[in-house]
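One structure is given below, encoded as structure tokens.
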Amino acid sequence: MDVTTPAANAPWLVVGLGNPGPEYAMNRHNVGFMVVDLLADRTGGKFKRAGKAQAQVVEGRIGPPGPSGRRVILAKPMSYMNLSGGPVNALRDFYKVPPANIVAVHDELDIDYGTLRLKLGGGDNGHNGLKSMTKAMGADYHRVRFGIGRPPGRMQVADFVLKDFSPAERKELDYFVDRAADAVECLVLDGLERAQSSYNS
């Protein structure tokens, strides 16, 4: 089977990228965690340690009951961003998830705040979480890219992504996170092309 074609009967692995610990919880770099937290709330699941993998997971279903629904594993690597590939690879092997059924949800500097872009494969654009995932298992996985914009003035990128969303940004953050969670569900249920036409803006 073409590795870029989702497998109908295989589970999906939706990975939120971020850093563990309360001090990082509201950082721009942790928006992937925020999206999978919301998806977990929607499934009614609670995160738990994933066996030997350095990650927390929720197992559930997206979509209506029956064959049209999809089994999903929602995951948050607990290894810190630049080592995300190891835990994701361990989960992929344990749950037997093909690459095209893997979705990384992550912050994206080169997109305006709150804007979404969905795609399959591609480069890492300097994102350490993607870089680690691609090194561990190749680039043929889906990405839901959540725009956070560029740092103002001369602020360093590393400082910008590890700062909390600003008060002005937080006013719309819940809406944008909700929309990103909708985009993940659409991708899993209806495919990339439908999700791109509905949510790429």
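Atom set for the values below is all heavy atoms of this structure, side chains included, hydrogens, waters and symmetry mates excluded.
Asn101 has its side chain out of reach of His142: every pair of non-hydrogen atoms, C-beta onward, lies at least 4.5 Å apart. Side-chain contact between Leu17 and Val15 is present, with at least one heavy-atom pair separated by less than 4.5 Å. Proximity of Tyr113 to Leu173: side-chain heavy atoms (C-beta onward) are separated by under 4.5 Å at one or more points. Proximity of Pro77 to Val88: side-chain heavy atoms (C-beta onward) are separated by under 4.5 Å at one or more points. A heavy-atom distance below 4.5 Å is not found between the side chains of Val58 and Lys46. Between Ile73 and Trp12, every side-chain heavy-atom pair lies at or beyond the 4.5 Å cut-off. Put simply, the side chain of Leu109 does not reach to within 4.5 Å of the side chain of Asn125, judged on heavy atoms. Looking at heavy atoms from C-beta onward, Leu39 lies in side-chain contact with Glu185 at the 4.5 angstrom threshold.
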Show me the side-chain donor-acceptor pairs of residues 190-197 shorter than 3.5 Å, one per line, residues at least two apart or across chains.
from: Gln196; atom 1: NE2; to: Leu118; atom 2: O; distance (Å): 2.9
from: Ser197; atom 1: OG; to: Glu193; atom 2: O; distance (Å): 3.4
from: Ser197; atom 1: OG; to: Arg194; atom 2: O; distance (Å): 2.9

May I have the list of side-chain donor-acceptor pairs in residues 143-157 shorter than 3.5 Å, sequence neighbours left out?
from: Arg143; atom 1: NE; to: Gly121; atom 2: O; distance (Å): 3.4
from: Arg143; atom 1: NE; to: Tyr141; atom 2: O; distance (Å): 3.1
from: Arg143; atom 1: NH1; to: Gly123; atom 2: O; distance (Å): 3.0
from: Arg143; atom 1: NH2; to: Gly122; atom 2: O; distance (Å): 3.3
from: Arg143; atom 1: NH2; to: Ala139; atom 2: O; distance (Å): 3.2
from: Arg143; atom 1: NH2; to: Tyr141; atom 2: OH; distance (Å): 3.4
from: Arg145; atom 1: NE; to: Glu108; atom 2: OE1; distance (Å): 3.3
from: Arg150; atom 1: NH1; to: Asp110; atom 2: OD1; distance (Å): 2.8

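Every residue two or more places apart in sequence or in another chain that forms a ring pair (Phe, Tyr, Trp, His ring centres under 6.0 Å) with His127 is listed here: His29, His106. The side chain to side chain contact (heavy atoms under 4.5 Å, CB included) check on Asp112 picks up Thr115, with sequence neighbours excluded. Applying the side chain to side chain donor-acceptor pair (under 3.5 Å) test to Asp182 and every residue at least two apart in sequence or in another chain returns Arg42. Listed by chain and residue number, Glu59 satisfy the salt bridge (charged side-chain N to carboxylate O under 4.0 Å, His left out) test with Arg71 (two or more places apart in sequence, or in another chain). With sequence neighbours left out, the ring pair (Phe, Tyr, Trp, His ring centres under 6.0 Å) criterion links Tyr199 to no other residue. Qualifying side chain to side chain contact (heavy atoms under 4.5 Å, CB included) partners for Tyr80, counting only residues two or more places apart in sequence or in other chains: Asn19, Pro20, Tyr24, Asn82. A search for side chain to side chain contact (heavy atoms under 4.5 Å, CB included) contacts involving Ala90 returns Ala53, not counting sequence neighbours. Taking the ring pair (Phe, Tyr, Trp, His ring centres under 6.0 Å) definition, one finds that Tyr95 meets it with nothing, sequence neighbours left out. Arg28 is linked by a salt bridge (charged side-chain N to carboxylate O under 4.0 Å, His left out) to Glu169, counting only residues two or more places apart in sequence or in another chain.
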### Message
What verdict does the side-chain contact (heavy atoms from CB on, under 4.5 Å) test give for Val105 and Met34, after you've listed the backbone C-alpha separation in whole Å, the side-chain angles of each residue and the deciding distance to 0.1 Å?
### Response
CA-CA 10 Å; Val105 186; Met34 298 174 198; over 6 Å; no

### Task
Start with the C-alpha distance between Arg70 and Arg61, add both sets of side-chain angles, then the distance that settles side-chain contact (heavy atoms from CB on, under 4.5 Å), and finish with yes or no.
CA-CA 5 Å; Arg70 295 285 183 271; Arg61 294 189 74 82; 5.8 Å; no

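Separation of atoms CZ (Phe33) and NZ (Lys76) is listed at 6.0 Å; rounding is to 0.5 Å. Note that the CD atom of Glu172 and the CG atom of Asp178 stand 13.5 Å from one another [nearest 0.5 Å]. Rounding to the nearest 0.5 Å gives a distance of 11.0 Å between CG of Leu91 and CG of Leu74. Taking CG from Asn27 and CE from Met81, the interatomic distance works out to 9.0 Å, rounded to the nearest 0.5 Å. Here OG of Ser166 is found 9.0 Å from NZ of Lys171. Values are rounded to the nearest 0.5 Å.
The cluster map of Ile, Leu, Val, Met, Phe, Trp and Tyr, joined by side-chain heavy atoms under 4.5 Å apart, puts Leu162 and Met78 in different clusters. In this structure, Ile111 is not a member of the same hydrophobic cluster as Phe165, with clusters built from ILVMFWY side-chain heavy atoms closer than 4.5 Å.
Heavy-atom neighbours of Lys135 NZ from other residues, nucleotides or ligands within 6.0 Å: at or below the threshold of 12. Around atom CZ of Phe47, more than 12 heavy atoms belonging to other residues, nucleotides or ligands sit under 6.0 Å away.
Judged by distance alone, with hydrogens and angles left aside, the side-chain atoms of Arg49 form no donor-acceptor pair with the main-chain N or O of Gln56 at under 3.5 Å. Judged purely by atom type and a 3.5 angstrom limit, Ser132 uses its side chain to pair as donor or acceptor with the backbone of Gly85. In this structure, the side chain of Thr134 does not engage the main chain of Lys131 through any donor-acceptor pair within 3.5 Å.
Within the structure, the salt bridge (Lys or Arg N to Asp or Glu O under 4.0 Å) test picks out no pair touching residues 78-89 (sequence neighbours left out).
Residues Ala40 and Thr43 share a closest heavy-atom pair of O-OG1, 2.9 Å. Closest non-hydrogen pair, Asn30 versus Ala25, comes out as CB-O, 3.8 Å.
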